[in-house]
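In what follows, a structure is listed as structure tokens, so that the remarks can point back to it.
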Amino acid sequence: MHQPPIAYFAPRRVSVLSAAALLVALGGCSSFSPPPATTVDPNIYPANYKAALMTMLQNNPFGMVGVVSAQLSAPALRPFGPDTRYVACLTATGPDWHKEKMVVFFAGAINQFVDANDEACKGAALAPFPELPGMLAQIRSKQK
């Protein structure tokens, strides 16, 4: 009995089966375009801004240890470079120093903690922030 060479039928079977498998696999895809890029709203209001600031300063006090009084504004949309961002203004006073800082938020989280410029915190409604001197005093006592 003479059988045709297997190689004669195998490529055709493999190609038909491969094509069928490919069609089945691709049949479940609704489109071949990449998923849409998710965009983040840079101006989400930072609801827990005080707690976030306390945590940041607890981990790195940025020369604020020794503060005897502090005031903080609620975040407000302010011009920041070419954009608008939520900015909270912080003033801190030590025994022989005074600092004015801006806390800049991006997508609800602290993005920058920088010296305030003249315009950034102009007219900010500052309120006492007694939590800050208390927390920084605890850090100072632990360092001794």
Output the distance between atom [atom1] ([X]) and atom [atom2] ([Y]), rounded to the nearest 0.5 Å.
X      : Y     : atom1 : atom2 : answer
Cys89  : Arg78 : SG    : CZ    : 5.0 Å
Asn111 : Arg85 : CG    : CZ    : 8.0 Å
Met54  : Lys50 : CE    : NZ    : 9.5 Å

If you take all heavy atoms of [X] and [Y], which pair is closest and at what distance?
X      : Y      : value
Met64  : Leu136 : O-CD1, 3.3 Å
Tyr45  : Ala74  : OH-CB, 4.2 Å
Phe80  : Val104 : CE1-CG2, 3.6 Å
Val65  : Pro61  : CG2-CB, 3.5 Å
Val103 : Leu53  : CG2-CD1, 3.9 Å
Ala88  : Ser73  : CB-O, 3.5 Å

Within a strict 4.5 Å, meaning less than it, do heavy atoms of the [X] and [Y] side chains meet?
X      : Y      : result
Leu57  : Leu132 : yes
Leu77  : Asn43  : yes
Leu126 : Leu72  : no
Val68  : Pro133 : no
Phe106 : Ile44  : no
Asp83  : Pro42  : no
Cys121 : Glu100 : no

Determine, using the 4.5 Å side-chain heavy-atom cutoff (strictly less than), whether [X] and [Y] are members of one ILVMFWY cluster.
X      : Y      : value
Val67  : Val114 : no
Phe113 : Val87  : no
Phe62  : Met102 : no

Any side-chain to backbone donor/acceptor pair from [X] onto [Y]? Under 3.5 Å, distance only.
X      : Y      : result
Asn117 : Ala120 : yes
Thr84  : Pro79  : no
Asn59  : Thr55  : yes

Quick one: which of Lys101, Lys99, His98 gives a side-chain contact (heavy atoms from CB on, under 4.5 Å) with Thr91?
->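 Passing option: His98.
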
Check the angle between the aromatic planes of Tyr49 and Phe105 and answer parallel, tilted or perpendicular using the 30° and 60° thresholds.
->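 Perpendicular.
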
